[in-house]
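One structure is given here, and the rest of the page talks about it.
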Number of protein chains: 2
Amino acid sequence: MATSTVENYLKHMLLLSEGGEELVSMGALAEALAVVPGTVTTMVKALADSGHVEHRPRQGVRLTAEGRRVALNVLRKHRLVECFLVNVLKMDWAAVDTEAEQLEHAISDEVLDRLDALLGHPATDPHGDPIPSRQGKLDSQVYATLATCVVEKPLRIVRITDQSAEFLQFVEQNRLLPGESVRVTERNLASGLVTAKKTAGRPLALSLAAAGKILVQPTR
Amino acid sequence: MATSTVENYLKHMLLLSEGGEELVSMGALAEALAVVPGTVTTMVKALADSGHVEHRPRQGVRLTAEGRRVALNVLRKHRLVECFLVNVLKMDWAAVDTEAEQLEHAISDEVLDRLDALLGHPATDPHGDPIPSRQGKLDSQVYATLATCVVEKPLRIVRITDQSAEFLQFVEQNRLLPGESVRVTERNLASGLVTAKKTAGRPLALSLAAAGKILVQPTR
DNA sequence: TTAGTTATTTTGATGAGTCAAAATAAATGT
DNA sequence: ACATTTATTTTGACTCATCAAAATAACTAA
C-alpha cells in the first residue's frame, strides 16, 4: 500500500498537470508539497522505481497509468470527504479542505463507496470541483437532490442512488421513479423532514437522508 | 501534536490498565502494539520525556494525567467512529474496528464533536464499549433513543442531546421534553421516519436523525 | 544460596522522509 | 559566444519508529 506521503506526491502531480499531458516540474511539486526541491528529486526517483511515475531528469515528471489510478482514487476520497463534512456534518465550507487532507489517507475504499452512496453519488464537491468516478473518469454533469434542490421548483427525478431492495421498493410504491415529475413543498431541518409532492397525489414525507438519494434536475 | 504512533501507545496503555491504577508491563504493550519489547522500552522513555507517562524501569509504565487525557480522546474518536460506520454507513459490525484504527488518528476534535452530535451522543459504541465523554469521564449509564428503542414500549424521555435553539424549539413545541412519557409506534428505515406518540396526543413524525437526539429509558 | 528461567534494557543497524548546502546542468541576456 | 541566473541533482546528515541480538536485572525453584 502507498504511504500517505506517496499518495500526496501523486495527488499533487495530478492536480498540477490539470487535464493536459505536460511534465510537472520539481520546483512546482516542491512548492505544492512544502518540501525542498532536493527532497522531491529523491522521492520522484523512488516513485519511478515503483512504477508510479516516469521521470525525465532535468525536465520533469509525469504519472504513469498506475500512478494516475492511485492519484484519482485519493482525489476522489478527498472530494467525497469534503462533501460529507459540509453536507452531513454541516462544517464550514472553507475549513473542510484541511480536514480532508488527513482523512483522504485514512479511509478505505469500502468506506469511500458507502460515503459516495450516502451522499447520492455527487458529481462535485462543495467547492464545485468534479469528483472522479469509481472508474477514474471525470463526469462534468451535475445534479441536485430532493434534499438540496430549490423548494417549490418543478423537477424531474433522474436517478435513485440507493440500490437496496428496501429503498427501491419504497421508491416504487410512492412513484418516485426516474422520469417522474415532482416538487419539494417543504424542508424542515430541525425535524429532518422533506415534503415532496407529485403533480397528482398527496404530499409525501421523507427524511433528508432518503431525499438525498433521489437526484433531480429542473424541468426544462 | 502527538503522532499516531504516540496515540496508539497511549491508547493501548489505557486499555491495558482498564479501570485500575496498575502499571502496564512492557511485554503486554509490545504484544498489543505488535512490536518487539525493545521498541516499547525506547518509545516509553521518549513518552516519559514528553510527560505523557511515568516509567518505572523494570516494573512498568503508567499514564500521567496528560497522557490519560490524550488516550481518552483517541479512544473517544475510535468508538464514535465505530458508531458512525455502523449506524450511518451500515458497515459490518465486525469490520469497523480496523477502519476506526486508521480514522481515530485522522479526525480533528471539531469533526469528533459534530460526529458525536450527529449520532446523538451515544454512550457506547456498537460493541457496547463505553465512549469517554468530551470531558474524559466514562459514564456507565446507557440510554436508548427514539431511533434505537423498542417499538410500542412505554418510555420516558431523559435527555435531549442537541443544544441548538432550532432543535430545542421543535422539541418544546411538540412536548418532547425530558420527563414526558412517549412511545414509538412505527419506525421505517427506508423513508427514515420514526412515528412517536404521546399518551394524549396525535402521532408525530420525526427523522431518524432527530429521533436519535432524544434519549429515553423504559418506563419503570 | 545458586542455577535457571523470564522480562527488560541496551546496542547497533535499517528504511522512510526530510533538510542544508554544494555541485551540476540548462536557459538567458547582451 | 560567454558569463550569469535559475532549476535540478547530489551528498551528507538528521529524526522517527522499528528490529535483531546481546547484556542485564529480577524472579523462581531446588
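Letters A, B, ... are given to chains in the order of the sequence lines, protein chains preceding strands, and every chain is numbered from 1.
- Considering only side-chain N and O atoms, A:Y9 lies under 4.0 angstrom from the phosphate OP1 or OP2 of C:dT18.
- Nucleotide C:dG15 holds its C1' atom 12 Å from the CE atom of A:M43, rounded to whole Å.
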Report summary line: Under a 4.0 Å heavy-atom criterion, the protein footprint on nucleotides 2-10 of chain D, written with B, S and -, is ------BBB

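- Across every non-hydrogen atom of A:K77 and A:I107, the tightest pair is NZ-O, 3.0 Å.
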Requested in this report: Go through B:N73 and B:L112 one step at a time and tell me if the side chain to side chain contact (heavy atoms under 4.5 Å, CB included) criterion holds.
Outcome: CA-CA 9 Å; B:N73 189 249; B:L112 176 66; 3.8 Å; yes

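- Here the C1' atom of nucleotide D:dA17 and the CG atom of B:L10 are 15 Å apart, to the nearest Å.
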Report task. Let me have DNA chain C in dot-bracket notation, would you? Count Watson-Crick plus G-U wobble pairs, both distances under 3.5 Å, and use [ ] for pairs crossing earlier ones and | for inter-strand partners. Result -> ||||||||||||||||||||||||||||||

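- Between the side chains of A:S108 and B:E99, at least one donor N or O sits under 3.5 Å from an acceptor N or O.
- The distance from atom CG of A:L47 to atom P of C:dA16 is 12 Å, rounded to the nearest whole Å.
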Expected list for residues 39-49 of chain A: side-chain donor-acceptor pairs under 3.5 angstrom, two or more places apart:
| from | atom 1 | to | atom 2 | distance (Å) |
| --- | --- | --- | --- | --- |
| A:T41 | OG1 | A:P37 | O | 3.4 |
| A:T42 | OG1 | A:G38 | O | 3.0 |

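- One atom, CG of A:D49, and another, P of C:dA16, lie 11 Å apart when rounded to the nearest Å.
- At least one donor-acceptor pair closer than 3.5 Å links the side chain of A:R114 to the backbone N or O of B:K90.
- Rounded to whole angstrom, the span from the CG atom of A:L33 across to the P atom of C:dT18 amounts to 8 Å.
- Going from atom CG of B:L29 over to atom C1' of D:dA17 covers 14 Å, rounded to whole Å.
- Considering only the side chain of A:V35, C:dC19 comes nearest among C:dC19, C:dG17, D:dA17.
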